[in-house]
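The residues of the chain are indexed from 1 along the displayed sequence. Remember, predicted model here, so these are calculated numbers, not experimental data.
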Amino acid sequence: MLTVPPKYTTLTQIRTDLTAGKTTLVALTEYYLQRISETEELNIYLEVYAEEALAKAADLDKKFKENPASVGKMYGAVISIKDVLCYANHKVTGGSKILEGFESLFSATAIERCLAEDALLIGRVNCDEFGMGSATENPHYGVTRNAADTNRVPGGSSGGSAAAVQADTCLVSLGSDTGGSVRQPAAFCGVYGLKPTYGRISRYGLLAYASSFDQIGILAHSPQDAALFLEIMAGQDEYDATSSSKAVPAYSQTPPFSGKAKIAYFDTAVNHASIDPAVRNATLQTIEKYRAAGHVVVSVDFAYLDYIIPAYYVLTTAEASSNLSRYDGVRYGRRSPEAQTVDEMYRLSRTEGFGKEVKRRIMLGTFVLSAGYYDAYYTKAQKVRRLIQQRTFEILEEYDFILMPVAPSPAWKIGEKNTDPVAAYLADIFTVQANMTGIPAMAFPVGETEEGLPIGLQLMGRKFGEAELLSFVSNGDF
Ligand code: GLN
């Protein structure tokens with residue numbers, strides 16, 4: 001079976017069973033390894049740390065047995081990581097051939113913090129190359145499949161992470177979200193996906209795509225686990241100057257949302273030309289459910305919806321063209337064996353190492369930053385970003401949350417959008433606003449289409465308003 005009901009949906013359940021002696025971390029790890037091998041055809045894992053994980057699990061079980069109080073808050077959590085997160089002495093490739101064979105010397109701060117709390121890493125999962133894409137149809141490592149329908153994509157770019165949780169091959173997976181890459185695959189695979197506020201989690205050790213947008217995110221079976229992981233990973237880090245010094249609330253202790261929320265949505269989004277009827281109905285039904293539960297849900301004006309995608313793709317490709325210039329065949333990973341001269345070394349290493357989509361974006365980004373076009377594209381897109389920010393913050397002064405679909409449609413078929421990049425870009429229309437403005441957003445499952453494809457919606461909140469967001473999403477009102 002590719003999809004099974006998850007053995008556990010929260011770490012709390014696991015801890016209860018560990019404490020009662022009903023299971024051990026070794027047994028759990030064996031279960032997840034078994035799931036990984038049963039779901040091999042989904043092509044989720046690029047690397048499985050089987051032996052290492054079992055050995056570590058045995059150590060942690062011993063530690064727990066000797067003194068239950070000595071283990072960290074994440075003892076029992078078996079997690080996978082997107083192939084853009086550095087884990088010391090392990091491979092990381094960004095889903096690219098250009099980093100083939102590269103091993104990281106250090107761990108991302110987020111991973112370091114999970115390890116310090118005794119989380120267990122089980123493997124590294126597939127993604128779109130350098131996070132650039134929405135389908136996890138990786139040109140080098142193959143397509144990852146959606147466990148709900150193996151002819152369909154799991155979404156992207158954290159598609160491996162979403163499928164890993166969906167197929168119950170781990171409890172939680174860490175991904176990254178530059179324009180929707182945690183939330184959209186979460187929605188396609190029927191799991192929860194949290195993109196925190198920009199700067200909430202340190203980006204140190206996250207391979208950069210577009211640095212003013214990137215944020216590490218969490219894919220989980222439950223908002224409770226998302227809350228705990230956020231609590232552990234968030235907070236200032238001396239290695240990332242953009243990490244926030246704001247105190248980290250005890251997200252995992254957040255009480256259920258009480259009182260009535262004021263929620264905004266955009267009619268222009270719900271009735272957007274691109275929206276699939278099933279997604280539209282799910283959104284309308286959720287609005288009605290919220291209203292029935294006593295929340296105030298109001299359609300507000302947002303004039304910029306159709307400007308979001310053009311501005312996002314100008315800004316992110318500009319940043320990507322700069323960030324990816326470091327992969328030159330000299331410093332990291334792969335160097336072309338064909339190269340005879342220095343010039344050839346750069347050219348061939350990059351030509352052979354990067355896939356088509358990454359090259360397209362590097363070229364687009366280089367173009368929008370070039371002397372003659374800088375003002376017409378880059379400066380203009382920055383101005384659009386500012387307008388989008390101003391209007392979004394204005395809405396969030398009056399409303400607690402903004403409700404949006406995650407993607408215009410459920411998971412599409414493999415191959416359906418990989419010949420038309422613009423069609424794929426346009427499908428990011430609902431997720432990019434949170435990254436343009438830096439606000440937190442969380443995707444949650446709301447149902448399925450008639451064919452059994454998961455549908456997800458998202459709520460966006462105020463900057464650093466993760467606690468409210470998490471408590472509202474975990475609330476039983478809906
Ligand atoms: N699909 C978007 C893009 O290709 C978002 C990617 C992401 O969030 N990493 O840029």
Check your understanding: Crowded around R386 CZ? As in, over 12 foreign heavy atoms under 6.0 Å?
Key -> no
Review point. Taking everything shown except Y425 itself, do over 12 heavy atoms lie less than 6.0 Å from its OH?
Key: yes
Check your understanding: If every non-hydrogen atom of A167 is compared with every non-hydrogen atom of L42, which pair is closest and at what distance?
Key -> CB-CD1, 3.9 Å
Check your understanding: Within the side chain of H90, is there an N or O that forms a donor-acceptor pair under 3.5 Å with the backbone of A88?
Key -> yes
Check your understanding: Just by distance, do the side chain of S96 and the backbone of T93 share a donor-acceptor pair under 3.5 Å?
Key -> no
Practice item. Please tell me if the side chains of V78 and T169 come closer than 4.5 Å, counting only heavy atoms from C-beta onward. Key: no
Study note, to complete from the structure: On a heavy-atom basis, the closest approach of Y87 and S104 is O-CB, 3.9 Å
Review point. Has K91 got more than 12 heavy atoms of other residues, nucleotides or ligands less than 6.0 Å from its NZ?
Key: no
Revision key, fill the gap. Distance col, row L457:CG vs L403:CG, nearest 0.5 angstrom, shows 5.5 Å
Check your understanding: If you measure only the distance, is there a donor-acceptor pair under 3.5 Å linking the side chains of Y313 and D428?
Key -> yes
Review point. Quick one: does N146's side chain get under 4.5 Å of C189's, heavy atoms only?
Key: yes
Review point. Is there a donor-acceptor contact under 3.5 Å linking the side chains of S252 and E231?
Key: yes
Check your understanding: Does a side chain donor of either S173 or S80 reach within less than 3.5 Å of an acceptor in the other side chain?
Key -> yes
Review point. Does one side chain, of T437 or Q433, offer a donor that lies under 3.5 Å from an acceptor on the other?
Key: no
Check your understanding: At what distance, to the nearest 0.5 angstrom, does SG of C127 lie from CD1 of I44?
Key -> 13.5 Å
Point to revise | Side-chain touch P139/K356, heavy atoms, less than 4.5 angstrom | key: no
Review point. Are side-chain heavy atoms of Q224 and L228 found at a separation under 4.5 Å?
Key: no
Check your understanding: CG of D267: more than 12 outside heavy atoms within 6.0 angstrom?
Key -> yes
Point to revise | Whether F472 and F257 hold their rings parallel, tilted or perpendicular, with breakpoints at 30° and 60° | key: perpendicular
Check your understanding: So, is the end of the K73 side chain (NZ or CZ) under 6.0 Å from the ring centre of F229 and within 45° of the ring's axis?
Key -> no
Exercise for review: Taking T197 for its side chain and R200 for its backbone only, find out whether a donor-acceptor pair lies under 3.5 Å.
Suggested key: no
Practice item. State which residue, out of I263, V298, V297, fulfils the side-chain contact (heavy atoms from CB on, under 4.5 Å) condition with I287. Key: V297
Check your understanding: Is there a donor-acceptor contact under 3.5 Å from the side chain of R462 to the main chain of L396?
Key -> yes
Check your understanding: Checking side-chain contact (heavy atoms from CB on, under 4.5 Å) for the pair L459/M442: CA distance, chi angles, key distance, verdict?
Key -> CA-CA 5 Å; L459 281 159; M442 184 159 191; 5.6 Å; no
Check your understanding: To the nearest 0.5 Å, what is the distance between OG (S134) and CG (N418)?
Key -> 11.5 Å
Review point. Judged by modelled atom types alone, do T178 and D214 share a side-chain donor-acceptor pair under 3.5 Å?
Key: yes
Check your understanding: Does the pair R361/E357 count as a salt bridge with the N-to-O cut at 4.0 Å?
Key -> yes
Check your understanding: Which pair of heavy atoms, one from A220 and one from A226, lies closest together, and at what distance?
Key -> CB-N, 4.3 Å
Exercise for review: Show your reasoning for whether side-chain contact (heavy atoms from CB on, under 4.5 Å) applies to N43 and V143.
Suggested key: CA-CA 7 Å; N43 190 33; V143 60; 5.7 Å; no
Point to revise | D240 (side chain) donor-acceptor with S202 (main chain) under 3.5 angstrom | key: no
Point to revise | Check: V182 and L194 side chains under 4.5 Å, non-hydrogen atoms | key: no
Practice item. Please tell me if the side chains of E137 and I414 come closer than 4.5 Å, counting only heavy atoms from C-beta onward. Key: yes
Review point. Can you tell me if OH on Y239 sees more than 12 non-hydrogen neighbours from other groups inside 6.0 Å?
Key: no
Check your understanding: Do the side chains of V406 and Q184 get nearer than 4.5 Å, heavy atoms only?
Key -> yes
**Study point:** Heavy-atom closest pair, residues V84 and G94
**Key:** CG1-CA, 4.0 Å
Check your understanding: Got a donor-acceptor contact below 3.5 angstrom from the N323 side chain to the Y209 backbone?
Key -> yes
Practice item. For T144 and Y141, run side-chain contact (heavy atoms from CB on, under 4.5 Å): C-alpha distance rounded to whole Å, both residues' side-chain angles, the deciding distance at 0.1 Å, then the answer. Key: CA-CA 9 Å; T144 294; Y141 304 106; over 6 Å; no
Review point. Is the number of heavy atoms from other residues, nucleotides or ligands under 6.0 Å of K262 NZ greater than 12?
Key: yes
Check your understanding: Under a 4.0 Å N-O cut-off, is there an ion pair linking K7 with D168?
Key -> no
Point to revise | Shortest non-hydrogen separation from I218 to V172 and the atoms involved | key: CG2-CG1, 3.9 Å
Practice item. Give, for atom CD1 of I308 and atom CG of L387, the distance between the pair rounded to the nearest 0.5 Å. Key: 11.5 Å
Practice item. In sequence, state the C-alpha distance, the side-chain angles, and the governing distance for F354 and L324, and then conclude on side-chain contact (heavy atoms from CB on, under 4.5 Å). Key: CA-CA 10 Å; F354 289 134; L324 270 57; 4.1 Å; yes
Check your understanding: Does R385 make a cation-pi contact with F213 (under 6.0 Å, within 45 degrees of the axis)?
Key -> yes
**Study point:** Main-chain N/O of G155 paired with T136 side-chain donor or acceptor, under 3.5 Å
**Key:** yes
Review point. Under 3.5 Å, is there a donor-acceptor pair linking the side chains of E41 and T150?
Key: no
Check your understanding: Judged by atom type as modelled, is there a donor-acceptor pair below 3.5 Å linking the side chain of N126 to the main-chain atoms of G160?
Key -> no
Check your understanding: Would you say the side-chain atoms of E319 and S212 include a donor-acceptor pair closer than 3.5 Å?
Key -> yes
Point to revise | S161-K82 side chain donor-acceptor pair, cut-off 3.5 Å | key: no
Review point. Just by distance, do the side chain of S158 and the backbone of S176 share a donor-acceptor pair under 3.5 Å?
Key: yes
Exercise for review: For residues H221 and Y8, determine if any side-chain heavy atom of one lies less than 4.5 Å from a side-chain heavy atom of the other.
Suggested key: no
Check your understanding: Does the pair Y290 and Y265 meet the rule for a ring-ring contact (aromatic ring centres under 6.0 Å, His included), with working shown?
Key -> CA-CA 12 Å; Y290 288 170; Y265 72 95; over 10 Å; no
Review point. Counting only heavy atoms not in Y75, do more than 12 fall under 6.0 Å of its OH?
Key: yes
Review point. Nearest heavy-atom pair of F430 and Q458: which atoms, and what distance?
Key: O-NE2, 2.7 Å
Review point. Is E129 reaching over with its side chain to a backbone N or O of G355, donor-acceptor style, under 3.5 angstrom?
Key: yes
